[in-house]
Amino acid sequence: MSSVQKALEIALGFGYQIDPSALKLLVKLGEKRCKKTGEADPSFEAIIKEAIALKGKSQSGLTIQSRDLKEAFPIIFDFVDTPIVLPEDPVQTEGNFLKSDVEVVKDPSGDIQPTGIEGFAQLFKSRYDKILHILMERPEARQITKISKVNMEKGNVKIAGLVFGKRPTKSGGIEVTLDDDSGRTTVLALSQDAKRSVGEITLDQCVMVEAEASQGRLLVKNIMQPDIPSKLASTSKKSVYVILLSDLHIGSDKFLEGAFMRFLEWVGGRSGISEEDQEIMRRLKYVVIGGDVVDGVGVFPNQEFELSEQNIFKQYEMVYEKLRLVPKHLQMFVIPGNHDATRQALPQPMIPKKYAESLHKLENLKMLGDPCLLKLDGVLILSYHGRSLDDVLATTPGLSYEKPEEAMKVLLRARHLAPIFGHRTPIAPETEDHLVIDVVPDIFHAGHVHTVGQDRYKSTLIINSGTWQAQTGYQANLGISPRPGLVPIVNLSTLDVVWKDFLTSSSINSRQAG
Ligand code: FE
Ligand code: ZN
(Lines give C-alpha, C1' and ligand atoms only; values in the text may rest on other atoms or scores of the structure.)
(Ligands and ions follow the chains in the order given, each with its own letter.)
Protein backbone atom coordinates (compact mmCIF):
# COMPACT_ATOMS: atom_id res chain seq x y z
CA MET A 1 0.00 0.00 0.00
CA SER A 2 1.35 3.42 -0.89
CA SER A 3 1.77 5.91 1.92
CA VAL A 4 -0.91 8.17 0.43
CA GLN A 5 -3.38 5.28 0.45
CA LYS A 6 -2.36 4.62 4.02
CA ALA A 7 -3.01 8.27 4.87
CA LEU A 8 -6.49 8.04 3.30
CA GLU A 9 -7.22 4.93 5.29
CA ILE A 10 -6.17 6.50 8.57
CA ALA A 11 -8.34 9.54 7.87
CA LEU A 12 -11.32 7.33 6.98
CA GLY A 13 -10.77 5.39 10.17
CA PHE A 14 -11.44 8.59 12.09
CA GLY A 15 -14.41 9.49 9.84
CA TYR A 16 -12.51 12.11 7.80
CA GLN A 17 -11.99 12.67 4.06
CA ILE A 18 -8.91 14.14 2.45
CA ASP A 19 -9.62 16.77 -0.20
CA PRO A 20 -7.80 16.55 -3.60
CA SER A 21 -5.50 19.52 -2.99
CA ALA A 22 -4.39 18.02 0.32
CA LEU A 23 -3.82 14.67 -1.39
CA LYS A 24 -1.68 16.39 -4.01
CA LEU A 25 0.39 17.93 -1.27
CA LEU A 26 0.89 14.55 0.35
CA VAL A 27 1.92 13.00 -2.96
CA LYS A 28 4.42 15.81 -3.44
CA LEU A 29 5.80 15.27 0.05
CA GLY A 30 5.95 11.54 -0.59
CA GLU A 31 7.92 11.99 -3.82
CA LYS A 32 10.30 14.33 -2.14
CA ARG A 33 11.01 12.03 0.75
CA CYS A 34 10.50 8.53 -0.56
CA LYS A 35 13.55 8.67 -2.79
CA LYS A 36 15.51 8.41 0.39
CA THR A 37 13.45 6.55 2.95
CA GLY A 38 11.48 4.08 0.84
CA GLU A 39 7.83 3.12 0.61
CA ALA A 40 5.78 3.69 3.72
CA ASP A 41 6.67 7.04 5.13
CA PRO A 42 5.75 6.98 8.80
CA SER A 43 5.37 10.77 8.79
CA PHE A 44 2.03 10.51 7.06
CA GLU A 45 0.37 8.89 10.02
CA ALA A 46 1.63 11.59 12.38
CA ILE A 47 0.59 14.37 9.98
CA ILE A 48 -2.92 13.05 9.46
CA LYS A 49 -3.48 12.41 13.14
CA GLU A 50 -2.26 15.87 14.05
CA ALA A 51 -4.48 17.49 11.40
CA ILE A 52 -7.47 15.54 12.69
CA ALA A 53 -6.73 16.55 16.27
CA LEU A 54 -6.57 20.22 15.26
CA LYS A 55 -9.78 19.96 13.23
CA GLY A 56 -11.53 18.21 16.08
CA LYS A 57 -10.54 21.01 18.41
CA SER A 58 -11.70 23.79 16.10
CA GLN A 59 -14.71 21.74 14.89
CA SER A 60 -14.01 22.73 11.30
CA GLY A 61 -15.68 19.96 9.36
CA LEU A 62 -14.74 16.45 8.31
CA THR A 63 -12.64 17.15 5.23
CA ILE A 64 -8.89 17.61 5.59
CA GLN A 65 -7.70 20.42 3.35
CA SER A 66 -4.18 21.38 2.39
CA ARG A 67 -4.16 24.26 4.86
CA ASP A 68 -5.01 21.79 7.66
CA LEU A 69 -1.90 19.80 6.80
CA LYS A 70 0.25 22.92 6.69
CA GLU A 71 -1.19 24.04 9.98
CA ALA A 72 -0.39 20.69 11.54
CA PHE A 73 3.26 20.69 10.49
CA PRO A 74 4.27 23.86 8.67
CA ILE A 75 7.92 22.86 8.77
CA ILE A 76 7.36 19.73 6.69
CA PHE A 77 5.25 21.42 4.05
CA ASP A 78 7.34 24.53 3.92
CA PHE A 79 10.10 22.18 3.12
CA VAL A 80 8.21 20.87 0.11
CA ASP A 81 7.37 24.29 -1.23
CA THR A 82 10.27 26.51 -0.26
CA PRO A 83 13.63 26.09 1.37
CA ILE A 84 13.86 27.27 4.97
CA VAL A 85 15.23 30.75 5.40
CA LEU A 86 15.97 31.77 8.93
CA PRO A 87 15.01 35.28 9.90
CA GLU A 88 17.93 37.46 10.81
CA ASP A 89 18.10 37.88 14.50
CA PRO A 90 19.77 40.78 16.25
CA VAL A 91 21.25 38.68 19.06
CA GLN A 92 22.44 35.92 16.76
CA THR A 93 24.26 38.29 14.48
CA GLU A 94 25.46 40.71 17.14
CA GLY A 95 29.22 40.70 17.65
CA ASN A 96 30.70 37.25 17.71
CA PHE A 97 27.95 35.68 19.76
CA LEU A 98 27.74 32.88 17.26
CA LYS A 99 31.42 32.24 17.19
CA SER A 100 31.39 28.69 18.27
CA ASP A 101 33.26 27.98 21.44
CA VAL A 102 33.47 24.22 21.24
CA GLU A 103 36.18 21.92 22.45
CA VAL A 104 35.91 18.16 22.27
CA VAL A 105 37.93 17.37 25.38
CA LYS A 106 37.56 13.60 25.16
CA ASP A 107 36.16 11.34 22.48
CA PRO A 108 36.90 7.62 22.69
CA SER A 109 36.46 7.20 18.92
CA GLY A 110 40.13 7.85 18.34
CA ASP A 111 41.52 6.47 21.61
CA ILE A 112 40.17 2.95 21.47
CA GLN A 113 42.84 0.29 21.53
CA PRO A 114 41.08 -3.02 21.97
CA THR A 115 43.25 -5.90 23.10
CA GLY A 116 42.51 -9.58 23.51
CA ILE A 117 40.83 -11.21 26.49
CA GLU A 118 44.06 -10.73 28.46
CA GLY A 119 43.29 -7.02 28.12
CA PHE A 120 40.79 -7.21 30.97
CA ALA A 121 43.63 -7.53 33.45
CA GLN A 122 45.15 -4.37 31.97
CA LEU A 123 41.77 -2.64 32.00
CA PHE A 124 41.22 -3.30 35.70
CA LYS A 125 44.80 -2.34 36.50
CA SER A 126 44.20 0.96 34.72
CA ARG A 127 40.90 1.45 36.60
CA TYR A 128 42.59 0.79 39.94
CA ASP A 129 45.54 3.08 39.19
CA LYS A 130 43.41 5.96 37.93
CA ILE A 131 40.94 5.87 40.82
CA LEU A 132 43.65 5.35 43.43
CA HIS A 133 45.16 8.52 42.04
CA ILE A 134 41.81 10.31 42.56
CA LEU A 135 41.52 8.92 46.12
CA MET A 136 45.04 10.02 46.98
CA GLU A 137 44.10 13.66 46.38
CA ARG A 138 42.26 13.52 49.70
CA PRO A 139 44.18 13.79 52.94
CA GLU A 140 42.27 10.88 54.53
CA ALA A 141 43.63 8.61 51.85
CA ARG A 142 47.29 8.93 52.75
CA GLN A 143 48.72 5.89 54.55
CA ILE A 144 46.99 3.32 52.36
CA THR A 145 48.46 -0.14 52.97
CA LYS A 146 48.81 -2.68 50.19
CA ILE A 147 46.61 -5.69 50.82
CA SER A 148 49.57 -8.12 50.93
CA LYS A 149 51.13 -6.06 53.76
CA VAL A 150 48.07 -5.87 56.03
CA ASN A 151 48.49 -7.08 59.61
CA MET A 152 45.31 -9.09 60.19
CA GLU A 153 45.82 -9.45 63.93
CA LYS A 154 45.57 -5.95 65.32
CA GLY A 155 45.42 -2.22 64.66
CA ASN A 156 43.59 0.05 62.21
CA VAL A 157 44.35 -0.14 58.55
CA LYS A 158 43.34 1.62 55.33
CA ILE A 159 43.20 -0.37 52.12
CA ALA A 160 42.01 0.55 48.64
CA GLY A 161 40.87 -1.89 46.01
CA LEU A 162 38.25 -2.94 43.50
CA VAL A 163 35.13 -4.51 45.02
CA PHE A 164 35.40 -8.05 43.77
CA GLY A 165 32.40 -9.45 45.64
CA LYS A 166 29.75 -8.87 48.29
CA ARG A 167 28.20 -11.71 50.23
CA PRO A 168 25.88 -11.86 53.25
CA THR A 169 27.26 -13.86 56.16
CA LYS A 170 25.41 -16.19 58.54
CA SER A 171 25.90 -13.72 61.37
CA GLY A 172 23.94 -11.03 59.49
CA GLY A 173 26.94 -9.08 58.25
CA ILE A 174 28.19 -8.48 54.71
CA GLU A 175 31.55 -9.75 53.57
CA VAL A 176 33.26 -7.63 50.92
CA THR A 177 36.15 -8.93 48.85
CA LEU A 178 38.68 -6.32 47.82
CA ASP A 179 41.39 -6.64 45.24
CA ASP A 180 44.43 -4.42 44.72
CA ASP A 181 47.56 -5.01 42.66
CA SER A 182 49.22 -6.89 45.52
CA GLY A 183 46.49 -9.33 46.48
CA ARG A 184 42.99 -9.94 47.68
CA THR A 185 41.31 -9.85 51.08
CA THR A 186 37.88 -9.75 52.67
CA VAL A 187 36.50 -7.15 55.04
CA LEU A 188 33.40 -7.63 57.16
CA ALA A 189 30.62 -5.06 57.60
CA LEU A 190 28.74 -5.71 60.84
CA SER A 191 27.33 -2.37 62.04
CA GLN A 192 24.22 -0.83 60.41
CA ASP A 193 26.31 2.09 59.17
CA ALA A 194 28.91 -0.18 57.62
CA LYS A 195 26.24 -2.30 55.93
CA ARG A 196 24.51 0.77 54.53
CA SER A 197 27.82 1.98 53.10
CA VAL A 198 28.35 -1.41 51.48
CA GLY A 199 24.87 -1.10 49.88
CA GLU A 200 25.90 2.23 48.32
CA ILE A 201 28.94 0.90 46.51
CA THR A 202 28.76 -1.13 43.32
CA LEU A 203 30.65 -4.25 42.37
CA ASP A 204 33.98 -3.66 40.63
CA GLN A 205 34.25 -0.03 41.66
CA CYS A 206 37.31 1.19 43.55
CA VAL A 207 36.89 2.18 47.19
CA MET A 208 38.99 2.85 50.24
CA VAL A 209 38.11 0.95 53.39
CA GLU A 210 39.17 1.84 56.88
CA ALA A 211 39.11 -1.34 58.93
CA GLU A 212 40.03 -2.66 62.31
CA ALA A 213 41.99 -5.88 62.41
CA SER A 214 40.87 -8.31 65.02
CA GLN A 215 41.81 -11.98 65.29
CA GLY A 216 42.39 -12.51 61.62
CA ARG A 217 39.34 -10.49 60.50
CA LEU A 218 39.08 -6.97 59.13
CA LEU A 219 35.99 -5.16 60.45
CA VAL A 220 34.74 -2.24 58.34
CA LYS A 221 34.81 1.08 60.18
CA ASN A 222 34.32 3.38 57.24
CA ILE A 223 34.07 3.17 53.45
CA MET A 224 35.28 6.09 51.41
CA GLN A 225 34.30 6.53 47.79
CA PRO A 226 36.45 8.49 45.37
CA ASP A 227 33.46 10.88 44.89
CA ILE A 228 33.57 14.32 43.30
CA PRO A 229 34.87 17.29 45.27
CA SER A 230 32.76 20.30 46.17
CA LYS A 231 33.89 23.09 43.89
CA LEU A 232 32.25 25.86 41.94
CA ALA A 233 30.80 24.83 38.61
CA SER A 234 32.19 26.63 35.58
CA THR A 235 29.58 28.67 33.77
CA SER A 236 29.60 30.60 30.51
CA LYS A 237 30.19 34.34 30.51
CA LYS A 238 27.29 35.00 28.18
CA SER A 239 23.84 33.58 28.57
CA VAL A 240 23.70 30.75 26.01
CA TYR A 241 21.53 27.66 25.93
CA VAL A 242 22.08 23.99 25.20
CA ILE A 243 19.34 21.45 24.52
CA LEU A 244 19.94 17.92 25.78
CA LEU A 245 18.17 15.08 23.98
CA SER A 246 18.48 11.31 23.82
CA ASP A 247 16.73 8.11 22.76
CA LEU A 248 14.95 9.21 19.59
CA HIS A 249 14.48 5.57 18.48
CA ILE A 250 13.65 6.56 14.93
CA GLY A 251 12.56 3.47 12.99
CA SER A 252 10.57 2.10 15.93
CA ASP A 253 6.81 1.95 15.46
CA LYS A 254 6.63 3.61 18.88
CA PHE A 255 8.69 6.62 17.77
CA LEU A 256 6.55 9.67 18.61
CA GLU A 257 7.02 11.45 15.35
CA GLY A 258 4.34 14.06 16.03
CA ALA A 259 6.04 15.09 19.25
CA PHE A 260 9.46 15.21 17.63
CA MET A 261 8.12 17.26 14.71
CA ARG A 262 6.62 19.70 17.20
CA PHE A 263 10.05 20.01 18.77
CA LEU A 264 11.59 20.64 15.33
CA GLU A 265 8.92 23.25 14.61
CA TRP A 266 9.76 24.97 17.83
CA VAL A 267 13.53 24.79 17.51
CA GLY A 268 13.22 26.04 13.93
CA GLY A 269 11.34 29.06 15.20
CA ARG A 270 8.17 28.03 13.40
CA SER A 271 5.51 27.54 16.01
CA GLY A 272 4.80 26.98 19.65
CA ILE A 273 7.15 29.78 20.71
CA SER A 274 5.81 31.70 23.65
CA GLU A 275 7.06 35.13 24.62
CA GLU A 276 9.10 33.55 27.39
CA ASP A 277 10.76 31.30 24.83
CA GLN A 278 11.92 34.13 22.60
CA GLU A 279 14.92 34.86 24.75
CA ILE A 280 15.89 31.17 24.77
CA MET A 281 15.49 30.90 21.00
CA ARG A 282 17.76 33.88 20.45
CA ARG A 283 20.46 32.46 22.68
CA LEU A 284 20.22 28.80 21.79
CA LYS A 285 23.53 27.49 20.45
CA TYR A 286 23.89 23.76 20.94
CA VAL A 287 21.97 20.46 20.82
CA VAL A 288 23.55 17.37 22.37
CA ILE A 289 21.97 14.01 21.50
CA GLY A 290 22.94 11.25 23.92
CA GLY A 291 22.47 8.13 21.84
CA ASP A 292 19.84 5.68 20.56
CA VAL A 293 19.05 7.95 17.63
CA VAL A 294 17.64 4.93 15.80
CA ASP A 295 15.83 1.87 17.14
CA GLY A 296 18.30 -0.31 15.25
CA VAL A 297 17.83 -3.73 13.76
CA GLY A 298 18.19 -7.04 15.61
CA VAL A 299 18.89 -5.33 18.94
CA PHE A 300 16.62 -7.81 20.76
CA PRO A 301 14.71 -10.93 19.64
CA ASN A 302 11.61 -10.26 17.50
CA GLN A 303 12.41 -6.56 17.23
CA GLU A 304 11.32 -6.67 13.57
CA PHE A 305 7.67 -6.72 14.71
CA GLU A 306 8.14 -3.38 16.45
CA LEU A 307 9.88 -1.51 13.64
CA SER A 308 8.39 0.88 11.11
CA GLU A 309 11.62 0.60 9.10
CA GLN A 310 13.70 -2.56 9.08
CA ASN A 311 16.68 -1.26 7.16
CA ILE A 312 19.37 0.29 9.34
CA PHE A 313 20.67 2.55 6.54
CA LYS A 314 17.16 3.88 5.97
CA GLN A 315 16.68 4.43 9.69
CA TYR A 316 19.72 6.74 9.73
CA GLU A 317 18.43 8.39 6.57
CA MET A 318 15.19 9.10 8.46
CA VAL A 319 17.21 10.64 11.28
CA TYR A 320 18.93 12.84 8.70
CA GLU A 321 15.56 13.90 7.26
CA LYS A 322 14.61 15.16 10.70
CA LEU A 323 17.88 16.68 11.91
CA ARG A 324 18.44 18.59 8.67
CA LEU A 325 15.48 20.71 9.78
CA VAL A 326 17.41 21.97 12.80
CA PRO A 327 18.58 25.50 11.96
CA LYS A 328 22.16 25.66 10.77
CA HIS A 329 23.29 28.10 13.45
CA LEU A 330 22.71 25.39 16.07
CA GLN A 331 25.64 23.03 16.51
CA MET A 332 24.55 19.43 17.12
CA PHE A 333 26.55 16.60 18.68
CA VAL A 334 25.50 12.96 18.40
CA ILE A 335 26.92 10.09 20.45
CA PRO A 336 25.79 6.46 20.01
CA GLY A 337 23.69 4.31 22.32
CA ASN A 338 23.12 0.59 22.53
CA HIS A 339 20.55 0.73 19.69
CA ASP A 340 22.98 2.40 17.31
CA ALA A 341 25.07 0.72 14.66
CA THR A 342 28.51 0.78 16.22
CA ARG A 343 30.55 -1.40 18.60
CA GLN A 344 28.28 -2.34 21.50
CA ALA A 345 30.99 -2.64 24.14
CA LEU A 346 31.87 0.52 26.02
CA PRO A 347 33.48 2.86 25.21
CA GLN A 348 31.62 3.11 21.90
CA PRO A 349 33.22 4.73 18.88
CA MET A 350 31.06 7.15 16.90
CA ILE A 351 28.36 5.81 14.56
CA PRO A 352 30.44 5.15 11.43
CA LYS A 353 29.99 6.84 8.08
CA LYS A 354 29.17 3.47 6.58
CA TYR A 355 25.74 3.53 8.26
CA ALA A 356 25.00 7.21 8.52
CA GLU A 357 26.63 8.93 5.60
CA SER A 358 24.26 11.86 5.28
CA LEU A 359 24.40 12.57 9.01
CA HIS A 360 28.19 12.71 8.77
CA LYS A 361 27.83 15.21 5.94
CA LEU A 362 25.42 17.47 7.81
CA GLU A 363 27.48 20.62 8.34
CA ASN A 364 26.14 21.49 11.80
CA LEU A 365 26.34 17.97 13.24
CA LYS A 366 29.35 16.35 14.84
CA MET A 367 29.50 12.61 15.44
CA LEU A 368 31.29 11.57 18.62
CA GLY A 369 31.82 8.44 20.70
CA ASP A 370 30.17 7.36 23.94
CA PRO A 371 31.07 8.66 26.51
CA CYS A 372 32.38 12.02 25.41
CA LEU A 373 33.44 15.16 27.21
CA LEU A 374 32.62 18.49 25.60
CA LYS A 375 33.48 22.01 26.60
CA LEU A 376 30.81 24.39 25.33
CA ASP A 377 31.36 28.07 26.11
CA GLY A 378 33.62 27.02 28.98
CA VAL A 379 31.17 24.52 30.51
CA LEU A 380 32.22 20.86 30.72
CA ILE A 381 29.47 18.49 29.62
CA LEU A 382 29.95 14.76 30.08
CA SER A 383 27.53 13.05 27.72
CA TYR A 384 27.06 9.33 28.21
CA HIS A 385 24.30 7.14 26.82
CA GLY A 386 23.74 5.40 30.16
CA ARG A 387 23.73 1.67 29.48
CA SER A 388 25.15 0.89 32.93
CA LEU A 389 22.24 2.63 34.66
CA ASP A 390 20.30 -0.63 34.23
CA ASP A 391 22.94 -2.48 36.26
CA VAL A 392 23.16 0.22 38.92
CA LEU A 393 19.35 0.31 39.25
CA ALA A 394 19.18 -3.47 39.48
CA THR A 395 21.86 -3.84 42.14
CA THR A 396 21.64 -0.75 44.37
CA PRO A 397 19.00 -0.94 47.12
CA GLY A 398 16.37 1.81 47.09
CA LEU A 399 16.84 3.03 43.51
CA SER A 400 14.18 3.01 40.78
CA TYR A 401 13.68 3.96 37.14
CA GLU A 402 11.55 6.89 38.27
CA LYS A 403 14.64 8.65 39.58
CA PRO A 404 17.50 7.97 37.15
CA GLU A 405 19.39 10.94 38.63
CA GLU A 406 20.00 8.88 41.79
CA ALA A 407 21.69 6.14 39.74
CA MET A 408 23.75 8.81 37.98
CA LYS A 409 24.94 10.03 41.39
CA VAL A 410 26.16 6.50 42.15
CA LEU A 411 28.37 6.76 39.04
CA LEU A 412 29.70 10.18 40.05
CA ARG A 413 30.57 8.92 43.54
CA ALA A 414 32.28 5.87 42.04
CA ARG A 415 34.01 8.19 39.53
CA HIS A 416 33.23 5.55 36.93
CA LEU A 417 30.58 5.40 34.19
CA ALA A 418 30.16 1.63 34.14
CA PRO A 419 31.72 0.08 37.22
CA ILE A 420 29.75 -3.18 37.27
CA PHE A 421 31.39 -5.82 35.10
CA GLY A 422 29.75 -8.92 33.67
CA HIS A 423 26.09 -7.88 33.98
CA ARG A 424 24.17 -6.21 31.16
CA THR A 425 26.71 -3.59 30.15
CA PRO A 426 29.32 -4.94 27.75
CA ILE A 427 32.74 -3.45 28.41
CA ALA A 428 35.62 -3.85 26.00
CA PRO A 429 39.08 -4.97 27.10
CA GLU A 430 41.15 -1.84 26.61
CA THR A 431 44.65 -0.96 27.70
CA GLU A 432 43.29 2.17 29.37
CA ASP A 433 39.99 2.50 31.25
CA HIS A 434 38.28 5.38 29.43
CA LEU A 435 35.18 5.06 31.61
CA VAL A 436 36.84 6.53 34.70
CA ILE A 437 35.40 9.99 35.35
CA ASP A 438 38.79 11.64 35.79
CA VAL A 439 37.55 15.14 34.95
CA VAL A 440 34.60 16.35 37.06
CA PRO A 441 31.94 17.66 34.65
CA ASP A 442 29.78 20.74 35.23
CA ILE A 443 26.90 18.90 33.54
CA PHE A 444 26.47 15.12 33.54
CA HIS A 445 24.06 14.13 30.77
CA ALA A 446 22.68 10.64 30.16
CA GLY A 447 19.64 8.94 28.67
CA HIS A 448 18.90 5.27 28.04
CA VAL A 449 16.33 4.68 30.81
CA HIS A 450 13.59 6.68 29.01
CA THR A 451 12.53 8.44 32.20
CA VAL A 452 13.65 11.97 32.96
CA GLY A 453 15.65 13.27 35.89
CA GLN A 454 17.32 16.41 37.11
CA ASP A 455 19.32 17.16 40.21
CA ARG A 456 22.42 18.90 41.45
CA TYR A 457 25.06 16.74 43.03
CA LYS A 458 27.68 18.96 44.68
CA SER A 459 28.38 21.41 41.87
CA THR A 460 27.44 19.10 39.00
CA LEU A 461 24.10 19.41 37.24
CA ILE A 462 22.68 15.96 36.49
CA ILE A 463 20.22 15.56 33.61
CA ASN A 464 18.59 12.47 32.20
CA SER A 465 16.92 13.60 29.02
CA GLY A 466 14.18 11.00 28.51
CA THR A 467 13.01 9.73 25.13
CA TRP A 468 10.84 10.15 22.03
CA GLN A 469 9.56 6.59 22.08
CA ALA A 470 6.24 5.55 23.65
CA GLN A 471 6.17 2.63 26.05
CA THR A 472 7.36 -0.61 24.47
CA GLY A 473 6.08 -4.06 25.36
CA TYR A 474 9.39 -4.77 27.03
CA GLN A 475 9.06 -1.71 29.27
CA ALA A 476 5.42 -2.54 30.05
CA ASN A 477 6.56 -5.95 31.29
CA LEU A 478 9.15 -4.29 33.52
CA GLY A 479 6.64 -1.71 34.76
CA ILE A 480 8.69 1.19 33.36
CA SER A 481 6.64 4.24 32.38
CA PRO A 482 8.63 6.40 29.98
CA ARG A 483 8.28 10.20 29.98
CA PRO A 484 8.57 10.99 26.27
CA GLY A 485 8.65 14.35 24.54
CA LEU A 486 10.20 16.36 27.40
CA VAL A 487 13.15 18.57 26.52
CA PRO A 488 15.59 20.02 29.05
CA ILE A 489 17.13 23.33 28.01
CA VAL A 490 20.10 24.43 30.09
CA ASN A 491 21.32 28.00 30.46
CA LEU A 492 25.10 27.62 30.47
CA SER A 493 25.62 30.86 32.37
CA THR A 494 23.57 29.70 35.39
CA LEU A 495 23.06 25.95 34.85
CA ASP A 496 19.33 26.61 35.34
CA VAL A 497 17.07 24.23 33.46
CA VAL A 498 13.78 24.79 31.68
CA TRP A 499 11.82 21.71 30.59
CA LYS A 500 9.48 21.94 27.64
CA ASP A 501 6.86 19.33 26.90
CA PHE A 502 6.26 18.51 23.23
CA LEU A 503 4.18 15.39 23.77
CA THR A 504 0.92 17.02 22.70
CA SER A 505 0.23 20.26 20.89
CA SER A 506 -1.41 21.70 23.99
CA SER A 507 1.44 20.79 26.32
CA ILE A 508 4.12 22.88 24.60
CA ASN A 509 3.80 25.95 26.74
CA SER A 510 3.44 24.19 30.01
CA ARG A 511 6.75 24.24 31.76
CA GLN A 512 7.80 21.30 33.84
CA ALA A 513 9.99 21.23 36.84
CA GLY A 514 12.71 18.58 36.74
FE1 FE B 1 16.96 4.10 24.39
ZN1 ZN C 1 19.67 2.83 25.30
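First listed ligand is number 1; within each ligand, the first listed atom is number 1.
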Looking at His249, the N/O/S atom that lies nearest to the Fe ion (ligand 1) is called NE2
State plainly whether the residues Glu406 and Lys403 are in salt-bridge range, i.e. N to O under 4.0 Å.
no
With a 6.0 Å cut-off on the ring centroids, do Phe120 and Phe421 count as close?
yes
Under 6.0 Å from the six-membered ring centre of Tyr457 and within 45° of its axis: does the NZ or CZ of Arg413 meet both?
yes
When you measure from the Fe ion (ligand 1) to the N, O or S atoms of His385, does any of those distances fall below 2.8 Å?
no
Output, by chain and residue number, all protein N/O/S atoms separated from the Zn ion (ligand 2) by less than 2.8 Å.
Asp292 OD2, Asn338 OD1, His385 NE2, His448 ND1
Show, in sequence, the C-alpha distance, side-chain angles and deciding distance for Lys366 and Asp107, and conclude whether the salt bridge (Lys or Arg N to Asp or Glu O under 4.0 Å) test is met.
CA-CA 11 Å; Lys366 197 165 173 49; Asp107 172 13; over 6 Å; no
Taking the six-membered ring for Trp, are Phe263 and Trp468 parallel (under 30°), tilted (30 to 60°) or perpendicular (over 60°)?
tilted
Under the salt bridge (Lys or Arg N to Asp or Glu O under 4.0 Å) rule, what do Lys500 and Asp277 come out as? Steps first, then yes or no, please.
CA-CA 10 Å; Lys500 282 192 70 76; Asp277 292 345; 2.8 Å; yes
So does Lys409 pair up with Asp455, basic N to acidic O under 4.0 Å?
yes
How large, to 10°, is the angle at the Fe ion (ligand 1) when you draw lines to OD1 on Asp247 and to OD2 on Asp292?
90°
